[in-house]
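Here it is: the structure, laid out below.
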There are 2 protein chains.
Amino acid sequence: MTPQSDGAARTTPARRPTIKDIARRAGVSESAVSFALNGRPGVSQGTRDRIHRVAEDLGWQPNSAARALSGERSGCVGLVLARPAHTLGVESFFLQLVSGVQEVLAARKVALLFQVVEDIEAECAVYKRWWAEKRVDGVLVVDPRSDDPRPELLESLGLPSVVIGAPAEGGRQVSTVWADDTAAMASVLAHLHGLGHRHVVHVAGLPGLAHTERRITSLRTEAGRLGLTAIRSVTTDYSDAEGAEATRRVLDSDAPPTAIVYDNDVMAVAGAAVAAERGIKVPGELSIVAWDDSALCRVTHPRLTALVRDTSGFGRLAAEELLARLDGGPVRSLQAELPHLEPRESTGPPARR
Amino acid sequence: MTPQSDGAARTTPARRPTIKDIARRAGVSESAVSFALNGRPGVSQGTRDRIHRVAEDLGWQPNSAARALSGERSGCVGLVLARPAHTLGVESFFLQLVSGVQEVLAARKVALLFQVVEDIEAECAVYKRWWAEKRVDGVLVVDPRSDDPRPELLESLGLPSVVIGAPAEGGRQVSTVWADDTAAMASVLAHLHGLGHRHVVHVAGLPGLAHTERRITSLRTEAGRLGLTAIRSVTTDYSDAEGAEATRRVLDSDAPPTAIVYDNDVMAVAGAAVAAERGIKVPGELSIVAWDDSALCRVTHPRLTALVRDTSGFGRLAAEELLARLDGGPVRSLQAELPHLEPRESTGPPARR
DNA sequence: CGAGGCTACTAATGCGCTTTAGCTCATGTC
DNA sequence: GACATGAGCTAAAGCGCATTAGTAGCCTCG
């Protein structure tokens with residue numbers, strides 16, 4: 001008797017099996033099934049095996065809503081991306097990160113709820129709604145800022161979270177996963193200094209972001225150590241337009257730099273295009289370094305020297321930390337593998353004066 | 001002692017208000033609250049208003065798990081992206097699409113479950129799991145193929161879905177949203193033909209994908225109409241590497257084309273880089289057209305002529321259709337706005353022989 | 001003036017699962 | 001031989017909501 005298998009198949013999709021079905025087939029109570037399937041004590045090995053077999057047979061999968069309602073977990077974590085629509089897109093960082101995150105989550109059968117919003121206020125609203133709706137067990141936070149309202153909000157909501165891209169903030173009950181931008185910036189500057197550059201401009205990203213601030217500070221410090229004075233940072237919104245614009249301004253200045261470091265791949269490529277447009281030779285007259293490697297840096301001519309980091313590994317690390325938090329693990333601050341500089345054709349010794 | 005217990009103890013997260021709380025405060029039964037909040041009849045206007053006020057006061061939000069369990073809806077739709085990790089990233093199409101999707105979903109308080117997997121088998125497995133877990137109410141399907149197992153699977157699961165990027169398939173209970181690639185390809189070829197090109201190569205994307213097939217067929221048809229014989233397509237995996245490789249092969253052939261049409265922005269830029277590397281002037285000796293515009297096409301020098309389409313609008317359309325399906329709307333096949341060609345500096349008359 | 005019908009509400013049930021309390025029977029203990 | 005013990009199981013409650021089946025009160029109408 002399978003009423004839904006044949007005739008009703010057109011309109012009625014197959015009914016999902018429940019633990020009740022398993023219980024009936026295995027001749028035990030629903031509780032026994034629940035215990036067995038969740039690895040809890042209270043069932044003999046024999047019964048346990050039998051229940052597992054029946055569940056397998058029936059193709060049972062836990063109904064996520066029922067689980068979320070009775071247990072604590074929704075089996076979902078959230079990620080909000082707060083970016084104006086027009087800056088969305090070309091950057092490869094994000095999808096790479098997500099693919100790393102997914103790898104870890106999928107293995108644990110945790111789903112990822114994803115949302116794109118316009119700004120950080122909207123992002124906070126999403127967190128509140130998710131919390132109120134009990135939609136997610138925890139969240140991953142990207143693009144940390146220097147004065148960030150999110151950790152406090154999330155802590156007050158009691159929503160476990162992992163901030164991606166910033167070192168630990170004092171006192172907050174929020175894990176962090178980050179890369180050592182300071183050391184990375186030092187390696188970039190060392191590379192350029194070693195080639196003979198004394199005048200470098202850093203085209204940074206959004207001024208509010210924590211890692212932007214870190215990179216700017218670290219550049220200044222490192223320049224001081226090396227005794228360089230003609231070093232400065234300018235901020236942008238990460239877009240190709242502002243990257244190009246900043247490049248033009250910098251090249252038009254009285255003392256143009258011999259090297260430019262860009263905070264993302266898109267701006268670096270845009271900068272290279274500006275140089276090409278003006279007939280400025282790269283790396284002969286201008287060296288270019290991109291922070292974050294991607295296909296982009298390899299499709300330009302010349303190919304761009306880039307700071308490579310394992311972005312999807314970064315995502316994996318973050319996801320693992322979040323799962324650990326959900327399992328009651330302590331708040332931690334994890335450091336990702338140090339990025340390394342991949343020298344390509346866009347950097348070389350500066351032209352002699 | 002542990003930071004954990006300490007944090008948990010002091011930040012007792014606020015309890016979520018339930019309809020029971022509202023009922024008590026408003027002095028009515030839980031059912032009345034449920035009716036009022038869902039706009040069902042059976043409550044007077046006065047009571048209805050009072051209940052709404054109390055709910056507002058308490059900051060009540062429906063618990064998504066409870067709703068999913070009792071009602072039908074989980075308030076979630078899914079989107080799976082099946083791409084090998086390395087091809088992920090640079091393409092802007094996808095995030096643009098998602099941002100459009102989100103706009104519509106967010107307005108209706110529907111969440112988006114997102115998953116990245118390696119291949120289409122894994123994708124099907126995700127659909128089955130989501131269905132069994134009752135996690136999503138419907139799904140958006142991207143990258144349709146010419147012989148696609150997904151519509152059949154989704155239909156058999158009874159999971160409402162919208163296929164993005166392919167015209168309707170005969171007999172399937174699955175909505176589709178698509179762009180008229182045929183007309184678009186015709187406009188591209190008309191542009192090149194008008195400039196005087198008689199020898200064009202089309203560097204297409206993945207051979208299995210439906211729109212790749214459509215574009216290839218349409219190119220052939222259109223070439224026939226114009227009486228052109230030296231027209232052909234080669235397929236790739238959409239990556240910059242294969243785009244560059246295909247470009248090299250094509251340029252090395254006995255009769256190199258005077259124009260190349262690339263199926264995405266990344267390959268077009270890679271192709272332009274190959275030309276630059278070989279000292280081939282664009283557009284003097286080679287014209288380049290990119291299918292899909294993005295910042296990428298504007299950061300190269302020269303800027304690339306591109307086929308512009310409203311990708312986020314496309315996403316909005318798809319999301320709206322899915323919501324309509326969830327509301328019991330009919331299966332439809334919607335056509336998006338026709339893409340238009342944006343001529344830039346990478347196309348011009350071919351060099352005289 | 002009582003039957004019928006309507007409005008505005010309440011009570012009760014169930015969704016699929018987890019969890020607590022309780023129950024039964026075999027085993028061990030002195 | 002009375003009794004504690006614990007393993008292995010069942011019964012039942014509850015999570016927050018939607019929904020169905022009432023019920024009380026009022027109006028209408030013949």
Side-chain angles (χ1 to χ4, degrees), chain A residues 13-52 54-55 58-76 109 129-135 137, chain B residues 13-52 54-55 58-76 109 129-135 137:
Chain A
R15 199 175 64 81
R16 296 169 180 77
T18 71
I19 56 167
K20 186 180 275 175
D21 299 320
I22 301 177
R24 202 178 315 122
R25 277 264 285 258
V28 293
S29 71
E30 291 178 44
S31 332
V33 175
S34 179
F35 291 148
L37 294 174
N38 291 302
R40 297 234 143 60
V43 217
S44 68
Q45 194 55 49
T47 322
R48 194 176 293 269
D49 292 347
R50 188 155 38 93
I51 289 173
H52 271 113
V54 173
L58 261 43
W60 178 87
Q61 293 282 108
N63 177 318
S64 60
R67 244 197 196 161
L69 188 55
S70 65
E72 289 301 87
R73 301 285 189 77
S74 71
C76 236
K109 297 203 173 182
R129 189 152 58 78
W130 278 352
W131 172 82
E133 294 180 347
K134 208 171 175 190
R135 245 193 217 289
D137 299 325
Chain B
R15 199 176 66 82
R16 296 168 181 77
T18 72
I19 57 166
K20 185 180 274 175
D21 299 319
I22 301 177
R24 201 176 317 120
R25 277 265 285 256
V28 293
S29 72
E30 290 180 45
S31 331
V33 175
S34 179
F35 290 149
L37 294 174
N38 291 302
R40 296 236 140 59
V43 214
S44 67
Q45 194 56 49
T47 325
R48 194 177 292 270
D49 292 347
R50 187 155 39 94
I51 290 173
H52 271 111
V54 174
L58 260 46
W60 178 86
Q61 294 282 110
N63 177 318
S64 60
R67 227 176 218 181
L69 188 55
S70 66
E72 291 299 87
R73 303 284 190 78
S74 72
C76 236
K109 298 203 172 181
R129 191 153 56 78
W130 278 351
W131 172 81
E133 294 180 349
K134 209 171 175 190
R135 246 193 217 289
D137 300 324

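Numbered from 1 within each chain, the chains take letters A, B, ... in sequence-line order. Below, each value reflects all heavy atoms present in this structure, side chains not excepted, and no hydrogens, waters or symmetry copies.
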- Query: Heavy-atom distance under 4.5 Å between the side chains of A/N63 and B/E133, does that happen here?
  - Reply: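 Heavy-atom side-chain distance check fails, nothing below 4.5 Å.
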- Message: Which is more 5' along DNA chain C, the nucleotide nearest A/W60 or the one nearest B/T47? Just name the residue.
- Response: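 This one resolves to B/T47.
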- Query: Tell me: CD1 of B/I19 to P of C/dT10, nearest whole Å?
  - Reply: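 My rounded result for the distance is 12 Å.
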- Message: I need the CG-C1' distance between B/N63 and C/dC15, as an integer number of Å.
- Response: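 It is 13 Å, rounded to the nearest whole Å.
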- Query: To the nearest angstrom, how far is B/R48 atom CZ from C/dA8 atom P?
  - Reply: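 The answer, rounded to whole Å, is 9 Å.
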- Query: Knowing that exactly one of A/V54, A/I22, A/V43, A/I51 qualifies, which makes a side chain to side chain contact (heavy atoms under 4.5 Å, CB included) with A/V28?
  - Reply: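 Of the listed residues A/V54, A/I22, A/V43, A/I51, the side chain to side chain contact (heavy atoms under 4.5 Å, CB included) partner of A/V28 is A/I51.
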- Message: What contact category does B/T18 fall into here, base, sugar-phosphate, or nothing, at under 4.0 angstrom with non-hydrogen atoms?
- Response: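 Result for B/T18 = sugar-phosphate.
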- Task: Would you kindly give the CZ-to-P distance between A/R40 and C/dC17, to the nearest whole Å?
- Result: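 Rounded to the whole Å, the gap is 15 Å.
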- Message: Classify B/S34 by what it touches in the nucleic acid, base, sugar-phosphate, or nothing, heavy-atom distance under 4.0 Å.
- Response: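 Base contact.
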- Query: Could you state the CG-C1' distance from A/N38 to C/dT20, rounded to the nearest angstrom?
  - Reply: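 Rounded to whole Å, this separation is 15 Å.
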- Message: Using a heavy-atom cut-off of 4.0 Å across all strands, would you classify B/V33 as base, sugar-phosphate, or nothing?
- Response: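 Nothing: the residue B/V33, judged by heavy atoms under 4.0 Å, touches no strand.
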- Any side-chain heavy atom of A/W131 sitting closer than 4.5 Å to one from B/R16?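 Yes; the side chains approach each other to less than 4.5 Å.
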- A/R16 CZ - C/dC17 P separation (whole Å):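 Result: 11 Å.
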- Item | Trace of the side chain to side chain contact (heavy atoms under 4.5 Å, CB included) decision for A/N38 with A/R67 | CA-CA 12 Å; A/N38 291 302; A/R67 244 197 196 161; 3.1 Å; yes
- A/G46 backbone acceptor or donor facing A/D49 side chain under 3.5 Å: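 Not a single qualifying donor-acceptor pair exists.
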- Mapping B/Q45 and A/A65 to their closest nucleotides on DNA chain C, which lands nearer the 5' end?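 Residue closer to the 5' terminus by nearest nucleotide: B/Q45.
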- Task: For B/P41, report the nucleic acid contact type (base, sugar-phosphate, nothing); a contact means any heavy atom under 4.0 Å.
- Result: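 Here B/P41 touches no strand at all.
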- Message: Under 4.0 Å, counting only non-hydrogen atoms across every strand here, what does B/S44 touch: a base, just sugar-phosphate, or nothing?
- Response: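 Touches sugar-phosphate only.
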- Which nucleotide span of DNA chain D, 5' end to 3' end, has atoms closer than 4.0 Å to non-hydrogen atoms of chain A?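 Listed 5' to 3', the contact boundaries are D/dG8 to D/dG16.
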- N/O (side chain, B/S29) to phosphate O (OP1/OP2, C/dA11) under 4.0 Å: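 So the side chain of B/S29 is outside the cut-off, no N or O lying under 4.0 Å from OP1 or OP2 of C/dA11.
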- Message: So does B/D137 get a backbone contact from the side chain of B/R73, meaning a donor-acceptor N/O pair under 3.5 Å?
- Response: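 Not confirmed, B/R73 side chain does not pair with B/D137 backbone.
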- Query: What is the distance, rounded to the nearest whole Å, between atom CG of A/L69 and atom P of C/dG14?
  - Reply: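 It is 16 Å, rounded to the nearest whole Å.
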- Atom-pair distance (CD on B/E30; C1' on C/dC9), nearest Å: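 Going from CD in B/E30 over to C1' in C/dC9 covers 14 Å.
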- Message: Test of understanding: with side-chain contact (heavy atoms from CB on, under 4.5 Å), list the residues that count as partners of B/S29, not counting sequence neighbours.
- Response: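 With sequence neighbours excluded, B/S29 shows a side-chain contact (heavy atoms from CB on, under 4.5 Å) to B/S31, B/A32, given in chain and number order.
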